[in-house]
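Below: one structure, written as structure tokens.
Every chain is numbered from 1, with letters handed out A, B, ... down the list of sequences.
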2 protein chains.
Amino acid sequence: MTIKHIASALGVSHSTVSRALNDHSHISADMKERVRRTAMELGYVAHAGARTLRQAHARLIGMLVPDVMNQLFAVMIKVLAARCARAGYQLVLCVTEDDPEAELRHVEALRESRATGLIVVPTPGVLSKTALLMAAMPVVQFSRSHPAIAAPSVAIDGARGIANAVRHLADLGHRRIAYVGLSTALSNGAARADGFTGALAQRGLKVEPALFHPGGGTIEYARSTTAALLRGARAPTAIVYGSADLTEGGLESLRREDVDVPGHVSIIGFGDPGWFKLMTPGLSTVGLSLSESAEAAISMLLRQIEARETGSPLEPQTSLELEPFLILRETTAPPRAGD
Amino acid sequence: MTIKHIASALGVSHSTVSRALNDHSHISADMKERVRRTAMELGYVAHAGARTLRQAHARLIGMLVPDVMNQLFAVMIKVLAARCARAGYQLVLCVTEDDPEAELRHVEALRESRATGLIVVPTPGVLSKTALLMAAMPVVQFSRSHPAIAAPSVAIDGARGIANAVRHLADLGHRRIAYVGLSTALSNGAARADGFTGALAQRGLKVEPALFHPGGGTIEYARSTTAALLRGARAPTAIVYGSADLTEGGLESLRREDVDVPGHVSIIGFGDPGWFKLMTPGLSTVGLSLSESAEAAISMLLRQIEARETGSPLEPQTSLELEPFLILRETTAPPRAGD
DNA sequence: ATGAAAGCGCTAACAT
DNA sequence: ATGTTAGCGCTTTCAT
């Protein structure tokens, strides 16, 4: 079933059918109607591949994330899916699991599909070939950014978020504050770790290596690190977590060891999935504007795409960092007496 | 940059280049190597659209879900993404938000893209045109199923899961057990509600309309229904929830009203996101084999695709229901004295 | 082992 | 307002 079949069924040329289907202005309303009806009756389904053969791009937008279960990325996907549907794009979802090779394969496939644009959470080790391929399309980096990728980014100002948390604890009287955070190999992990050490310095405290763990992103990492921290000789009186997953792991450990929070240790998490407030006691945390940042990234991408299409000059896009805000619930208190 | 450029750069015909790139057996290893190198150097990127013009399908698999934040669907997406990448397919993610019109538009787009197959969580009101379009491709239904869609399904045996929960509570001595569940307009909602009433009957209890609320799927619905239940004249001594989101809403309400669980009411949730065990007290719930069911659905789809490709007869695929299992933690106890 | 040629379904420039 | 024609980049016979 192609436009040619429709054309011969109607005794017109296939270009008339094409124009009618595309709502071209020089086609009579009557003709458009007849074409649409026959297309319907014949069960015609346009061939997207044939169309992209004649056009520059396919109506596809790619999204590369390390993980779909992460709330931040899940929100991004949700918002992007909505915006894509509205703008007539299909969403191709690629999960990298932070593997640069997988990332490359996905970007190659996206280029072969002639995807119109791309939102990417780059892996720590983006390959040069990947960056090269990305240079050929509108791209926005999300949550993390990589110097090899010449594309604007939208992220959370994690340094500010963590610094706020640390200052709050220091002002409460804590001197031995621990950090369990993302690896500094990640741009966002590095920023958050800097926020931690910076705020400590600001309050005249120095980072104790035994309490500083910017070493991983998994629940398991936070679980074991937290357990070790609690058992350590000079245990911290407060712990700050550097991601939502890490917070979950820490909470598991605290629960398992039946630690008194905030009596024994104060805790500040990162991110705010709905269940944080359901904890007993309610978890204090660094709140993030997830959908705002997702929207910002998508708008940025759409602006690039539009500029490319209209050939307009597009003012150089500047990267964006959204402000986190401290949500104080019940897991912070002055340090235990004697500490 | 097309195979023709590569061809003339090498002084060979473009069909040789095509064959070399596709690792055709009649091409010398040397030629393959030279072609690949020049393709590389010239920055050649194959054109997927042109390829699908000559082939039956594009290497795309579609996934239609109502919502990406739901843990069950998130796991499905994660597993599907991994399997697709492994099998050389791209994953097109479509979010329906349970809107049949949106669902139709997505399926149309998928057909136009010549997607190879589709995993779908059907909306309650699947349009006949949607079903018609789906009939033209390998499909498997996930989590829910709709009679208009002639495709096998993989789901959780929610009736069993809920029935187990209810029996456990009845055996503990509860007589006034409430249910807050998904709408019966959904196939899975209907099954779970049936599981509830069936188990009640089995234990010689009858359903009290005031305690039976299979009316919605949102957190907000569970929050308000739970609040009303607790305030009611003949309040329940136990509440069973019919989905993970509903459980979360119920928990919010219980927390807000500072209800003693399980002293005052026993609670059994549905699903088991990691944080359920972190609640105080630890939440008893109906556990599900999420990734097993996701894997089963994908394998089923891949088998259909393969059968279609080899033209083999494919034994009629039978739908699958996975067994849930009760996870008893600390939110169930015998009813309060005097009840 | 390689080349020549046809054609997949569509859009668009150029007629009329 | 509609028709004619020429490709878009690729795979795939059919030749050689």
Side-chain angles (χ1 to χ4, degrees), chain A residues 1-36 38-39 42-60 88 90 108-116 136 309 311, chain B residues 1-36 38-39 42-60 88 108-116 136 309:
Chain A
M1 253 310 121
T2 73
I3 49 172
K4 293 190 183 164
H5 294 107
I6 300 176
S8 67
L10 251 49
V12 300
S13 85
H14 72 276
S15 47
T16 299
V17 174
S18 170
R19 286 190 273 246
L21 256 15
N22 290 296
D23 204 24
H24 196 284
S25 57
H26 285 334
I27 298 289
S28 67
D30 168 67
M31 181 53 110
K32 284 179 184 170
E33 186 44 36
R34 288 165 56 210
V35 168
R36 271 194 264 266
T38 355
L42 266 38
Y44 167 76
V45 177
H47 193 299
R51 181 177 298 138
T52 44
L53 206 46
R54 297 308 317 265
Q55 300 180 345
H57 305 290
R59 294 206 66 91
L60 297 178
Q90 282 179 294
E108 279 174 340
L110 251 9
R111 288 283 303 130
E112 296 193 353
S113 304
R114 298 300 187 267
T116 307
E309 261 160 23
Chain B
M1 253 311 122
T2 74
I3 49 171
K4 293 189 184 166
H5 295 106
I6 301 177
S8 66
L10 253 47
V12 300
S13 83
H14 72 276
S15 43
T16 298
V17 174
S18 171
R19 285 191 272 246
L21 256 14
N22 289 296
D23 204 25
H24 195 285
S25 58
H26 284 335
I27 298 289
S28 67
D30 167 65
M31 179 55 98
K32 284 179 186 170
E33 186 42 37
R34 286 165 56 211
V35 167
R36 271 195 264 266
T38 359
L42 266 38
Y44 168 76
V45 177
H47 193 300
R51 181 178 299 137
T52 46
L53 206 47
R54 298 305 318 262
Q55 300 181 342
H57 305 291
R59 295 203 69 88
L60 297 176
E108 281 174 339
L110 252 7
R111 288 284 301 128
E112 296 193 353
S113 305
R114 297 300 187 267
T116 309
E309 262 161 23

Distance, rounded to the nearest Å, where B/Ile27 contributes CD1 and D/dT12 contributes P: 13 Å
- prompt: Given that B/Arg114 and B/Met31 both sit by DNA chain C, which one's nearest nucleotide is further toward the 5' end?
  reply: B/Met31
Heavy-atom pair of closest approach, residues A/Thr116 and A/Arg59: OG1-CA, 4.1 Å
task: Mind calculating the distance between CD1 (A/Ile6) and P (D/dT2) to the nearest angstrom?
output: 16 Å
task: Check whether any side-chain N or O of A/Thr2 sits under 3.5 Å from a backbone N or O of A/Lys4 as a donor-acceptor pair, and report yes or no.
output: yes
- request: Grab the OH-C1' distance between B/Tyr44 and D/dG9 for me, whole Å please.
  value: 7 Å
query: B/Thr2 near the nucleic acid: base, sugar-phosphate alone, or nothing, with a heavy-atom cut-off under 4.0 Å?
result: sugar-phosphate
task: Check whether any side-chain heavy atom of B/Met31 lies under 4.5 Å from a side-chain heavy atom of B/Arg34, and answer yes or no.
output: yes
query: Counting just side-chain N and O atoms, does A/His26 come under 4.0 Å of either OP1 or OP2 of D/dA1?
result: yes
- request: Look only at the side chain of A/Ser113 and the backbone of A/Ala109, and say whether a donor-acceptor pair between them is shorter than 3.5 Å.
  value: yes
- prompt: Heavy atoms, side chains only, cut-off 4.5 Å: are B/Val45 and B/Met1 in contact?
  reply: no
task: Would you indicate what B/Ser18 reaches in the nucleic acid, counting non-hydrogen atoms under 4.0 angstrom: base, sugar-phosphate, or nothing?
output: base
Residues within residues 49-60 of chain A bordering DNA chain D, heavy-atom distance below 4.0 Å: A/Leu53, A/Arg54
Spacing of B/His47 atom NE2 relative to D/dG7 atom C1', expressed in whole Å: 13 Å
- prompt: Between D/dG9 atom C1' and A/Arg111 atom CZ, what is the distance in whole Å?
  reply: 14 Å
- prompt: In whole angstroms, how far is the C1' atom of D/dA1 from the NZ atom of A/Lys32?
  reply: 11 Å
message: Using a distance-only criterion (donor-acceptor N/O pair, under 3.5 Å, no hydrogens), is the base of D/dT11 paired with the side chain of B/Ser15?
response: no
- request: Find the bend of the helix from C/dA1-D/dT16 to C/dT16-D/dA1 as the angle between its two terminal axes (five pairs each), to the nearest 10°.
  value: 30°
- request: Round to the nearest Å and state the distance from A/Asp30 atom CG to D/dA1 atom P.
  value: 12 Å
Report, one line per pair, each donor and acceptor closer than 3.5 Å where one atom sits in a side chain of residues 48-56 of chain B; sequence neighbours left out.
| residue | atom | partner | partner atom | Å |
| --- | --- | --- | --- | --- |
| B/Thr52 | OG1 | B/Ala48 | O | 3.3 |
| B/Thr52 | OG1 | B/Gly49 | O | 2.9 |

- line: So CG of A/Leu10 and CD1 of A/Ile3: to nearest 0.5 Å the spacing works out to 12.5 Å
- request: Nearest 0.5 Å please: distance from the CG atom of B/Leu110 over to the CD atom of A/Gln90.
  value: 6.0 Å
field: Listed partners of A/His24 passing ring pair (Phe, Tyr, Trp, His ring centres under 6.0 Å), at least two apart
entry: A/His26
query: CZ of A/Arg114 to CD of A/Glu112: how many Å apart, nearest 0.5 Å?
result: 8.0 Å
message: Rounded to whole Å, please give me the gap between NZ in A/Lys4 and C1' in D/dA6.
response: 11 Å
message: Checking contacts here: which listed nucleotide (D/dT2, D/dC10, D/dG3) is nearest the side-chain heavy atoms of A/Ser13?
response: D/dG3
message: Are A/Arg36 and A/Asp23 packed together at the side-chain level, in the sense that at least one heavy-atom pair is separated by less than 4.5 angstrom?
response: yes
task: Return the set of residues passing side-chain hydrogen bond (donor to acceptor under 3.5 Å, both in side chains) with B/Ser13 (not counting sequence neighbours), or none when no residue passes.
output: B/Ser15, B/Thr16
field: Where chain A begins and ends its contact with DNA chain C, read 5' to 3' at 4.0 Å from heavy atoms
entry: C/dG9 to C/dA13
